[in-house]
Amino acid sequence: MTSPNLFFRRSSVGRRLTAVATGLALVSLPVHATAAPTVDLAAAMLVAPEGPVSESDASKARSEAQDRARSLVQSDEPDKAAEMLEQWAYDKGDPLLFIDAAEAHKLHGERDRDIDAVERGIEMARISLDILYFLQGDRASPDWRVISVSEVTPAIRRAEDLVESSERLIQEIEDENAEPEPEPEPEPKEKPGGTGLIVAGSLLTGVGAAGVGLLGFGAAKGASVQRKVNQPEIYGDEFDALDAEGKKANVFAFVGIGLAVVGLAAGTTLLVLGVKKRKQSKQSDDVAFRVAPTFGGMSISGRF
Amino acid sequence: MGKSNYLRAFCLATALGFTGSVVAPSLAHACGESLCVTAGKGAKWKAGGSMSAKQIKKERRKNRKRKTSNVSITIDGGRGSVFVDGYYKGTAPISEVELKPGKHDIQVRNGDEVLAEGVLTVPRKSTDIEITVSG
């Protein structure tokens, strides 16, 4: 009578019953037919079928609920469908409606990646299993024919499959939600000690070398001018121009001397200090000086 | 009489065929197999007992005009659904289940596992009955 899957399969008999049930509902339940009932779980849990229930009555009520749930699901409102089905399931004590409610909760959870909704669905499926196993036993009232005997075993299978697939879905969502472990921040690479001194020393040594170059240039220029001035035919304005040029060359030479002395002295000192400091701070092989004989005499090599 | 003596007496009664009847004295707390009943005077739980549909109907007819008692059922450390007189009554925890005086067939189950089943006798005088089932 009832299709095994509420949302995707409908038999022609089911359609006819649905039409009848919907018609009846429109007459007898105008309020329910226009708005889904709000869920009051506390109250719902207390409501139970009080008197005899026939298969046909249960089936009609179920079809009505399923029709309304289907339209809610089709309008992408599985959460409302789940609430409505849950309420009806409690009202009727219908295990198939509990399974339908579980499926709707699962759809909702799947859409919104909501674990609570999926768990709620699992509880609905478990209630359905409670009822189905009870109906298989000998304590069930013969007047409570909420589903036919032949429907019990397939419904149990359906509910158990639903519990399994819902548990897998929860695992899937949990995996998605699991935050990737924060990668450890790379520790700032400490500069080996004495780097500043070595850099400064190198710069000053460079300045000293430039000073030596300037000294050489000034001296060469001065010597050249001196040679010209010493010639007897040079006198007057020409002599004065060469004299000025010679003075300029001397200035270059003196500045070069100053730079060379200061730069080389300070640069060498800083380099030595820097290397010493590096050696002290990092007793490792990173800084290694090696003095070794080579073909051309001694060689000094190292890394810093 | 120590706790172990109570247990021995309970087992002896079960062996003699009294099948775990627990008579709850006035607002007393009494436990049988996997179930405790806290109730007013006269409430009685017979573990393992059952009632036929005919007996259930007879009890219902006999007590239909009497005042109801409120029964609440909780499951300690688990879940389960409650069936009373052959019908689904709700899923624990449930409260304010209204039962007429007389005998009622009760089963609490979690899927295919029966957590507790038996016959609860509700006294004529309206009272609150609390049932706790071990999960």
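We name chains A, B, ... by the order of the sequence lines, and we start the count at 1 in each one. In what follows, every heavy atom counts, from backbone to side chain, and hydrogens, waters and symmetry copies are set aside.
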Trainee: Identify the residue among E83(A), E86(A), H108(A), H105(A) that makes a side-chain hydrogen bond (donor to acceptor under 3.5 Å, both in side chains) with R120(A).
Mentor: E86(A)

Trainee: Counting only heavy atoms closer than 4.5 Å, note whether I106(B) contacts chain A via side chain, backbone, both or neither.
Mentor: backbone

Trainee: K46(B) versus T121(B): any side-chain heavy-atom pair under 4.5 Å?
Mentor: no

Trainee: Select one option (side chain, backbone, both, neither) describing which atoms of D143(A) are under 4.5 Å from chain B's heavy atoms.
Mentor: both

Trainee: Would you indicate whether N177(A), at its atom CG, is surrounded by more than 12 heavy atoms from other residues, nucleotides or ligands within a distance under 6.0 Å?
Mentor: yes

Trainee: Should we say atom CZ of R113(A) is surrounded by more than 12 heavy atoms from elsewhere, each under 6.0 Å from it?
Mentor: yes

Trainee: Hey, which of S141(A), A159(A), P142(A) has the most heavy atom pairs under 4.5 Å with chain B?
Mentor: S141(A)

